[in-house]
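In what follows, a single structure is set out as structure tokens and then discussed.
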Amino acid sequence: MRYKWLNVEWPLSIAQLAARMKSMEFNSTQQHGFVIDKIRDDTLEARYVERISYTDTIIDPFGNETSFDRMEYRHSAFRLTKAPPTLEFINSPRSLQAVLSRFSEISDFTVSIEELQVDVLVWAEELLKTVKGAGVLDSMQISRLELGNKVFAKILVSGEKDIKDACAQLIGDRKHTLEKIRVRLQSPLKGTIVLSNGGAATLSIEEVSEHVASLLRGSLNVALTKGKPILATTASH
Amino acid sequence: MNEYLDHLSANDNDIYDLLISGKQRITVSVLRELLRDRGIFCSAKDEREDICDYISMIPHGFHDIEAIVEKREPPGRRDKTTNIQFDSEIALDDIKEAVESYMKTIGPNEEVKHRIGRDGGYVIKVEYDEFNHNRAKLLQRERNEAKIDFLVENGKTVVRLPATDKAKRVVEAIKECVEQRRKAPLAQEKVELAELSTPELRSKFFTSLISKLPGFKLRNVMNLKVSSLRRSEETDESLGIDLDTAESEARMEMFAVVHSMALSGQNLVQSKEYKELSQRGFYITHISWKSEQIENPPNIVQFEAGFEDKHNCLGFRYGVQGEFKYHKGSHRKGISPVDDKERAKYFSLIEQTALKLKNELLAETEG
């Protein structure tokens with residue numbers, strides 16, 4: 001289960017957006033469009049579906065060509081909210097360009113969408129707070145750790161116990177970018193969550209529920225407001 | 001005699017300039033090949049400059065030089081395309097007559113070929129020389145080709161031509177000739193936005209163009225050029241005050257003013273920067289974007305469109321830069337050229353959409 005959050009500034013209300021998405025509804029005659037799942041005053045859950053048809057050609061060892069007409073569906077499920085983080089993608093396809101372009105179109109090119117910049121350490125710690133400490137940070141991916149004299153290291157740290165202190169010792173006061181952190185949760189939420197600094201989370205938990213998603217959203221919001229001064233130093237190089 | 005010879009033939013210095021300036025195309029291996037053709041071998045350790053120097057000193061015939069110039073020139077660069085639409089069908093005979101009378105007026109360095117097109121239109125190919133005195137002496141004469149298509153359909157004649165001065169002059173001459181034969185002026189329609197006075201409407205033309213291109217869905221906007229209208233207001237104001245122009249000019253120079261900007265990146269129309277610029281009264285004057293074809297095959301085509309005169313939005317020109325082919329579930333990374341038939345199809349899509357949008361937007365301002 002993957003989640004990806006983005007910061008969107010909508011010039012329209014949820015109801016207006018839903019109305020415009022309905023005008024681009026996906027059905028059997030349409031090649032692409034929106035499917036709306038749920039509308040509330042402050043949230044909108046929907047999917048953007050694309051039907052891709054293409055011809056696959058296979059050449060056998062004797063040079064004969066066989067072609068197959070194939071069809072694929074690309075789904076981008078998302079959730080819009082009034083409160084930040086304003087846009088959430090669930091198990092998004094690799095490229096979000098198609099759906100983001102549709103957002104531009106339904107808002108007459110007045111929407112602005114940008115990737116989040118999160119301090120993952122703050123995010124992970126907030127997340128641990130909300131689960132009352134039932135978990136540890138067991139892996140960290142650090143890039144551009146300055147070793148001095150324009151030499152940089154990319155490091156993957158992992159451990160069986162909490163690695164935070166060991167990492168702090170290793171980094172010291174060197175410049176670095178913290179890319180990803182893995183949080184290992186103990187029961188009741190058994191599994192791991194990988195948080196990345198672009199505002200994405202990959203969950204490997206037995207039971208993914210709305211509860212976990214809301215925990216992630218809550219801690220992300222705290223990290224976004226709290227983490228700003230730290231971000232300034234990481235962004236400076 | 002010697003004075004004239006210098007103008008008529010290339011000397012060693014010209015040949016050296018020709019070789020040394022084309023670093024990208026005249027590589028060391030090309031230079032070695034030139035020598036090998038003459039049965040001369042040079043050391044692999046020789047520097048490019050030394051080989052150029054050596055080659056320029058050996059005797060060259062006319063064809064030798066021509067071969068080097070040919071190697072030096074980049075293969076047919078593509079100009080952007082523009083179009084003019086006439087409101088009536090022009091008979092092919094009329095076009096033919098007009099071209100033939102135009103051919104009587106051309107100089108010896110110009111060559112015109114014309115024929116009836118495969119799908120009923122008329123095709124004119126004009127080859128001509130252009131002089132560019134900034135280049136090395138042997139490269140100053142550039143041979144260019146302009147392909148002008150006349151497409152007659154649905155009571156209209158669409159002329160598609162390269163966005164160059166020469167092509168425009170040729171079309172203008174042909175148009176005059178046709179008018180003389182018909183003894184009536186031809187009403188022409190161009191995509192121009194000078195009458196749209198607000199930046200919002202001018203930007204809307206482009207945003208609608210990229211989102212409403214039939215059969216395509218927008219994927220990405222990679223390049224944007226934006227301009228502001230403010231400059232014209234300033235010049236209009238200063239027109240009234242003739243007394244202290246010098247002073248007001250000096251004052252104008254003192255302020256930092258941004259008239260236009262070029263942005264490049266990914267998904268630009270969603271960026272905060274674009275949003276801010278459009279709120280501050282900047283409008284789009286050029287855009288390059290990728291769209292995915294909805295029908296099979298779902299190739300991604302890269303387009304560009306813009307105005308020659310950014311300020312008044314005159315001279316609409318456009319191009320198809322290439323396509324990313326769909327292959328086994330994903331798009332290829334490399335861009336490949338679009339074949340002529342597809343290109344013509346895409347051009348007519350852009351032309352029709354642009355003209356329709358222009359008329360809609362004009363109706364919006366009037367209504």
Side-chain angles (χ1 to χ4, degrees), chain A residues 6-12 20 23-24 26-27 29-34 48-59 66-74 76 78 86-87 89 93-117 198, chain B residues 199-222 224 226 265-279 282-284 287 289-300 302 324-333 361 364:
Chain A
L6 294 165
N7 192 13
V8 186
E9 278 174 31
W10 294 105
L12 305 162
R20 292 198 185 190
S23 69
M24 278 185 82
F26 182 77
N27 54 39
T29 59
Q30 233 54 41
Q31 293 296 321
H32 65 119
F34 290 100
Y48 173 66
V49 186
E50 285 175 277
R51 196 198 333 258
I52 313 285
S53 47
Y54 63 99
T55 313
D56 211 354
T57 314
I58 290 171
I59 302 172
T66 325
S67 18
F68 304 92
D69 282 332
R70 296 182 51 168
M71 204 187 277
E72 261 176 29
Y73 287 91
R74 262 186 237 150
S76 322
F78 58 89
T86 39
L87 176 61
F89 280 101
R94 205 178 302 156
S95 167
L96 291 173
Q97 276 174 356
V99 58
L100 296 185
S101 297
R102 288 306 87 66
F103 285 163
S104 283
E105 282 169 24
I106 58 169
S107 66
D108 295 325
F109 292 88
T110 49
V111 67
S112 78
I113 304 168
E114 55 173 16
E115 195 167 34
L116 296 174
Q117 292 283 326
Chain B
E200 288 81 21
L201 285 171
R202 287 185 174 190
S203 283
K204 199 176 169 193
F205 170 77
F206 281 103
T207 53
S208 306
L209 179 69
I210 60 176
S211 58
K212 289 186 182 150
L213 204 63
F216 282 94
K217 51 189 179 197
L218 174 66
R219 284 285 294 234
N220 194 355
V221 176
M222 298 88 58
L224 268 184
V226 292
Q266 303 290 324
N267 290 337
L268 285 173
V269 284
Q270 287 146 14
S271 65
K272 270 203 168 145
E273 287 78 7
Y274 168 69
K275 204 176 170 186
E276 209 178 288
L277 286 171
S278 58
Q279 278 164 358
F282 281 85
Y283 59 92
I284 303 174
I287 192 164
W289 78 98
K290 283 183 200 160
S291 282
E292 188 175 0
Q293 189 162 298
I294 292 172
E295 297 297 322
N296 183 12
N299 295 341
I300 292 180
Q302 189 168 321
F324 298 88
K325 290 212 166 77
Y326 197 77
H327 180 73
K328 295 205 193 303
S330 62
H331 291 97
R332 287 201 192 276
K333 287 269 171 344
L361 289 171
E364 210 172 291

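Note that the structure is predicted; figures quoted are calculated from it, not measured. Within every chain, numbering begins at 1; the chains are lettered A, B, ... in the order of the sequence lines, protein sequences first and strands thereafter.
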For chain A, which of B:Gln293, B:Lys328, B:Gln279 has the most heavy-atom pairs under 4.5 Å?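 Of the options given, most contacts go to B:Lys328.
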
Between [X] and chain A, with a heavy-atom cut-off of 4.5 Å, which part of the residue counts as in contact: side chain, backbone, both or neither?
| X | value |
| --- | --- |
| B:Asn220 | both |
| B:Glu292 | side chain |
| B:Glu273 | neither |

Pick one of side chain, backbone, both or neither for [X], based on which atoms fall under 4.5 Å of a heavy atom in chain B.
| X | result |
| --- | --- |
| A:Thr57 | backbone |
| A:Arg102 | side chain |
| A:Asp69 | side chain |

For the interface with chain B, which of A:Arg70, A:Arg74, A:Glu72 has the highest count of heavy-atom pairs at distances below 4.5 Å?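 Counting heavy-atom pairs under 4.5 Å, the top option is A:Arg74.
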
Pick whichever of A:Asp108, A:Val8, A:Asp56 has the most heavy-atom pairs under 4.5 Å with chain B.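 Counting heavy-atom pairs under 4.5 Å, the top option is A:Asp56.
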
Shortest non-hydrogen contact from B:Tyr274 toward A:Phe109: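 Minimum heavy-atom separation between B:Tyr274 and A:Phe109: CE2-O, 4.1 Å.
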
Let me confirm one number: the OG-CH2 distance from A:Ser101 to B:Trp289, rounded to the nearest 0.5 Å.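 The OG atom of A:Ser101 sits 12.5 Å away from the CH2 atom of B:Trp289.
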
Nearest-0.5 Å distance, CD of residue B:Glu295 to OG of residue A:Ser53: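 Between B:Glu295 CD and A:Ser53 OG, I get 6.5 Å after rounding to 0.5 Å.
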
Is B:Lys217 salt-bridged to A:Glu105, going by a charged N under 4.0 Å from an acidic O?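 A salt bridge is absent here (no side-chain N lies under 4.0 Å from a carboxylate O).
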
Inter-chain contacts: residues 204-214 of chain B against chain A, heavy atoms under 4.5 Å: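 Answer by number: B:Thr207, B:Ile210, B:Ser211.
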
Check: B:Gln270 side chain, A:Leu100 main-chain N or O, donor-acceptor pair, under 3.5 Å: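 It does hold such a pair.
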
A side-chain contact here means heavy atoms from C-beta on lying under 4.5 Å apart; do A:Ile113 and B:Asn267 qualify?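 Result no, sub-4.5 Å side-chain heavy-atom pair not found.
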
Is there side-chain contact between A:Glu9 and B:Lys275, with heavy atoms separated by less than 4.5 Å?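 Sidechains of B:Lys275 and A:Glu9: in contact.
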
